[in-house]
Amino acid sequence: MTRTTESSRLLALPRGRHIAWTQIVSGVVLLALCAWIIHAFAVGQIEWRYVGQFLFVPSILRGVGATLLMAVCAMALGMVAGIILALGRLSTVWLPRIVSGLYVWLFRGVPVILQLLIWFNLALIFPHVTLPGIGSYRTVDLMTPFLSALFGLGLNQAAYIAEIFRAGFQSVDRGQYEAASAIGMTRLTAMRRIIFPQAFRTVIPPLGNEFINMIKLTSLASLIQYPEVLHNAETIYYANTRVIELLIVAGFWYLAAVTVLSPLQHLLERRFSRGKSA
Amino acid sequence: MTEPAIWIRNLHKSFGANPVLRGVSLDIPPGQVVCVLGGSGSGKTTLLRCIAQLETAEDGLIVMSGELLGHQERNGRLVPRSARDIARQRRLAGMVFQRFNLFPHMTALENVMEGPVRVQKRPAADVKHEALELLRSVGLEHRANHYPAQLSGGQQQRVAIARALALKPAVMLFDEPTSALDPESVGDVLAVMQSVAASGVTMLVVTHELSFAREVADRILFMDGGVILEDAPTADFFGTPREERTRAFLAAVLGKKSTA
């Protein structure tokens with residue numbers, strides 16, 4: 001009886017608020033840190049007017065265009081080669097399985113920058129290239145910075161995309177292949193109509209990641225004279241010595257490109273998630 | 001003597017060292033409804049999957065609607081058919097799976113239309129009309145634009161039956177079509193199957209639904225250890241089972257039913 005009255009007393013008490021001291025303290029520390037960094041950049045040896053001045057100069061804008069062009073082309077090459085490799089990896093025949101496995105092992109195991117340099121210096125291995133029916137060319141003339149960067153970045157990317165698509169294809173239930181066969185579909189039609197659309201929705205998030213990575217990875221191509229945005233920023237600061245200012249300009253454009261891309265990825269995900277939930 | 005809808009001789013199939021079919025022979029006349037009973041591992045599902053060419057038998061022959069499945073005669077020997085030809089032959093029979101296997105990225109209507117439009121290359125407008133008619137016949141015309149994830153198990157299975165019927169097969173194969181369903185949905189699916197049977201399609205049904213078998217089937221096959229142990233008209237099978245193993249199976253299944 002006393003127990004009940006003791007508990008009932010609690011009903012009359014007002015409710016207080018829990019104060020999250022750890023969150024408040026860490027929030028204050030973080031804000032202070034940000035303020036300090038912003039202050040450092042504001043009073044540091046950065047001439048911000050140069051940043052504004054060079055943000056939209058033609059050479060930088062051309063660089064941005066070249067960066068995006070390379071990212072799209074290398075990603076496209078990586079997708080096509082990657083899908084073929086993934087299909088090879090899942091083949092029932094041993095030869096394509098081995099070839100795909102070796103490819104992924106090799107291209108994932110060697111640093112990208114090294115691969116770029118090898119493509120750029122391909123002439124040292126093969127001085128001449130003969131294309132049947134078209135003619136013979138000097139490799140030096142053929143392997144322009146654009147082509148070297150495209151092969152270097154795209155074929156490296158293919159190895160990663162192959163792994164993403166392999167997981168995507170494997171995530172589709174076996175029953176889907178069987179149902180497609182049972183209505184008389186050939187392997188190719190079943191792949192195109194049934195398996196691929198289902199695999200694609202699981203690979204969009206990791207593919208979006210890869211594309212964002214690719215945009216930043218194109219900066220490596222500056223090393224082999226491909227005129228992307230970092231390369232052009234460097235060319236300017238070699239002349240005017242405004243190193244940090246121009247690096248900030250380049251950084252701004254990478255950030256801008258990546259920022260625009262994220263909502264696009266979201267849109268694609270929505271498009272391919274048809275029928276996923278009730 | 002009419003040509004049998006399904007003619008099977010001496011079918012053998014094993015998974016690794018484990019034999020699953022050990023010499024199955026069978027004639028099914030057109031229009032007959034046959035239920036296949038048996039315990040798990042008796043080979044009944046594998047038999048169905050061999051007829052649907054989802055499995056390849058090591059030995060034995062299957063002729064359906066006058067066509068030898070998987071092989072063809074050339075210069076006095078049997079040679080394997082091309083993948084394209086086998087894909088075409090799979091349309092001879094409609095297959096209904098235990099787990100429905102509807103295409104999740106397509107609506108019910110799109111699921112039903114997929115075969116006729118993409119495989120038979122028929123004009124979508126004609127097919128749509130037929131597909132809606134089929135969905136109506138399975139009681140789901142109001143669900144035509146729903147995705148599988150928005151349908152109950154029983155509704156999905158009825159769409160799957162409509163999808164198989166859309167290719168107008170002479171033979172329908174059902175692989176435990178009600179085993180994955182909640183008890184309430186089972187009746188709806190069985191009713192649809194009964195109306196398919198009444199339409200004159202040859203049916204081979206692997207099932208555990210003894211009451212359905214008793215009511216709808218013309219003939220029962222009882223499989224055990226990879227062979228057909230008993231093959232009898234429905235009334236005889238349930239009334240006077242010949243084999244000791246069949247009697248034990250029926251007693252076990254019916255006994256379990258009555259205590260439940």
Side-chain angles (χ1 to χ4, degrees), chain A residues 83-84 86-88 90-97 164-165 167-207 265-278, chain B residues 48-49 51-55 82-108 110-121 145-152 156 159-160 162-169 172-175 180:
Chain A
I83 290 171
I84 293 169
L87 291 175
L90 295 172
S91 169
T92 49
V93 190
W94 64 270
L95 187 67
R97 269 211 311 273
I164 290 172
F165 268 95
F169 287 135
Q170 281 175 333
S171 75
V172 179
D173 187 61
R174 256 213 75 75
Q176 292 291 313
Y177 290 91
E178 295 190 345
S181 308
I183 61 170
M185 284 190 175
T186 57
R187 255 185 89 81
L188 197 70
T189 311
M191 241 16 229
R192 196 168 57 80
R193 295 285 308 166
I194 309 300
I195 307 304
F196 200 79
Q198 291 182 63
F200 208 68
R201 72 184 176 195
T202 62
V203 301
I204 290 172
L207 278 186
Q265 177 184 341
H266 189 70
L267 227 70
L268 257 182
E269 276 176 42
R270 281 246 306 265
R271 173 71 184 76
F272 273 89
S273 68
R274 277 187 312 165
K276 197 162 194 180
S277 57
Chain B
L48 211 67
R49 291 171 57 85
I51 298 171
Q53 297 201 70
L54 295 173
E55 307 284 354
S82 67
R84 177 164 293 276
D85 207 20
I86 288 175
R88 179 191 59 78
Q89 283 195 326
R90 287 203 182 97
R91 299 204 312 257
L92 294 172
M95 177 85 176
V96 175
F97 298 89
Q98 183 178 353
R99 301 205 49 85
F100 335 132
N101 297 346
L102 289 183
F103 306 131
H105 56 303
M106 298 180 187
T107 63
E110 288 168 345
N111 264 278
V112 178
M113 290 175 64
E114 186 69 8
V117 173
R118 299 290 162 176
V119 180
Q120 292 179 323
K121 313 278 185 204
N145 294 318
H146 285 56
Y147 287 98
Q150 300 167 313
L151 301 173
S152 75
Q156 288 189 54
V159 173
R163 176 177 68 181
L165 288 173
L167 291 161
K168 303 189 177 79
M172 283 286 285
L173 307 169
F174 294 82
D175 183 15

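In what follows, chains are A, B, ... by sequence order, proteins preceding strands, each numbered from 1.
Residue B:Ala160 does not touch chain A at all, counting heavy-atom pairs closer than 4.5 Å. With a 4.5 Å cut-off on non-hydrogen atoms, A:Gln198 touches chain B through its side chain but not through its backbone. Only the backbone of B:Leu102 comes within contact range of chain A, with at least one heavy atom under 4.5 Å from a heavy atom of that chain. Contacts between B:Phe103 and chain A at a heavy-atom distance below 4.5 Å involve backbone atoms as well as side-chain atoms.
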Please lay out, stage by stage, how A:Arg193 and B:Met106 fare under the test side-chain contact (heavy atoms from CB on, under 4.5 Å). CA-CA 10 Å; A:Arg193 295 285 308 166; B:Met106 298 180 187; 3.8 Å; yes
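Your options are B:Val119, B:Ile86, B:Val96, and the one with the most heavy-atom pairs under 4.5 Å with chain A is B:Val119.
The pair A:Arg201-A:Glu269 does not count as a salt bridge, with every side-chain nitrogen at least 4.0 angstrom from each carboxylate oxygen.
Proximity of A:Phe165 to A:Leu207: side-chain heavy atoms (C-beta onward) are separated by under 4.5 Å at one or more points. For the pair A:Phe169/A:Met191, a side-chain contact is recorded, criterion being any heavy-atom separation below 4.5 Å from C-beta on.
Taking both residues in full, the closest heavy atoms of A:Ile183 and B:Arg163 are given as CG2-CG, 4.2 Å, listed atom of the first, atom of the second, then distance.
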